[in-house]
Protein chains: 2
Amino acid sequence: MSAEHEDYLVLEKQLCFSLYSASHKLVRSYRLLLEPLDLTYPQYLAMLVLWQQPELNVKELGEKLYLDSGTLTPLLKRLESKGLVSRTRSVQDERVVQIRLTEQGKALKTQASHIPMAIFQQSGLPLEQLLQLKHSCDLLFKQLEAL
Amino acid sequence: MSAEHEDYLVLEKQLCFSLYSASHKLVRSYRLLLEPLDLTYPQYLAMLVLWQQPELNVKELGEKLYLDSGTLTPLLKRLESKGLVSRTRSVQDERVVQIRLTEQGKALKTQASHIPMAIFQQSGLPLEQLLQLKHSCDLLFKQLEAL
DNA sequence: CTCAATTGAATTGTGGGCAATATACTTCAA
DNA sequence: TTGAAGTATATTGCCCACAATTCAATTGAG
């Protein structure tokens, strides 16, 4: 192993660890904000999609969130048990499960409206830097996707 | 709820989701590279620390990785069962568990030496942008930490 | 010196992620 | 029309993440 390569095996120098840690820290920051809504961060992400499109199936939701049914099925069952969504098999194609926002689920949007701004303020970073960070993350995602 | 605030409740506009998705995608990208080493990404992170500092206790490791004993104890037991580390209670203070790299654990570093470069190439982004991304992630982490 | 407070690790319980597999349903071509 | 291939969801099993709790060991104030 060359000394040159060895240098890269240092935790503090790795972008990946920074991204990994920042992502977990962010999820932890959401925890307090989401506690009053009784949602976890992945559940909140699912609700974000449903607030835009109140009815879609598991596959469509998975494509938006980049998550598979092994993750979504139990998550959606938990949302269902809280009365926020309904899960019903499609009549046309019985393989498909339609997810629908309930009235209670729709109502929750009001309580969530302050969250994006709250997180923005907690980040303490200028908007421009956050937008650039988002852009780089999106680009990185697409590059790794393409492989 | 103002329409202004409502606009922010859109998945695609959220930095947090971009960061979250990029982080998961990155971990998935490591999976193939780490498979020959029989390591998961969090296990690889622990090994990175140990390759720099072959002996430290659980608390010290947790401080470096921002993980607690609830995560590390089972992870370290798995590394132990693979013969990569040893776990022994300190004689001076029996509350402390010392983690030590085994010879096999040290030897694994050679097989890992190409990984940082491989990931860099897979990212397809210029070094400068990656460094800037890392810097923003580190800054975001510190800001959220400070609350 | 003693006992209350603190500390380090482990355990428990809940909730993601995700690969692999299973199952039921649908489609399509021979 | 039938059987093979493809599709949508669910299940299982393993691993991480973390809050809350427990427990033993240590420390320190009085």
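The figures that follow rest on heavy atoms only: side chains count, while hydrogens, waters and symmetry mates do not. In the text below, chain A, chain B and the rest are named by the order of the sequence lines, each starting its count at 1.
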Whole angstrom is fine here: how far is it from [atom1] in [X] over to [atom2] in [N]?
X      : N       : atom1 : atom2 : result
I99(A) : dT9(D)  : CD1   : P     : 8 Å
R95(A) : dT11(D) : CZ    : C1'   : 18 Å
L34(B) : dC16(D) : CG    : P     : 12 Å

Could you work out, with salt bridge (charged side-chain N to carboxylate O under 4.0 Å, His left out) as the rule, every residue matching [X], not counting sequence neighbours?
X      : result
R89(A) : none
K64(A) : none
D68(B) : none

DNA chain D contacts made by residues 72-93 of chain B, counting heavy atoms under 4.0 Å: L75(B), R78(B), Q92(B), D93(B)
Sequence neighbours excluded, every pair satisfying side chain to side chain donor-acceptor pair (under 3.5 Å) that has a member inside residues 30-47 of chain B: Q43(B)-K82(B)
Sequence neighbours excluded, every pair satisfying side chain to side chain donor-acceptor pair (under 3.5 Å) that has a member inside residues 119-131 of chain B: S136(A)-Q129(B)
Could you list, one pair per line, each protein nitrogen or oxygen that sits under 3.5 Å from a nitrogen or oxygen of nucleotides 18-21 of chain D, together with the distance?
from    : atom 1 : to     : atom 2 : distance (Å)
dC18(D) : OP1    : R28(A) : NE     : 2.5
dC18(D) : OP1    : R28(A) : NH2    : 3.1
dC18(D) : N4     : G70(B) : O      : 3.4

Residues E103(B), K106(B): salt bridge by 4.0 Å N-O rule: yes
Partner residues of [X] under the side-chain contact (heavy atoms from CB on, under 4.5 Å) criterion, sequence neighbours left out:
X       : answer
Q143(A) : L125(B)
L65(B)  : L11(A), F17(A), L45(B), A46(B), V49(B), L61(B), L67(B), L72(B)
N57(A)  : K59(A), E60(A), V96(A), Q98(A)

First-last contacting nucleotides on DNA chain C - partner chain B, under 4.0 angstrom, heavy atom: dT7(C) to dA19(C)
Listed partners of E55(B) passing side-chain hydrogen bond (donor to acceptor under 3.5 Å, both in side chains), at least two apart: R100(B)
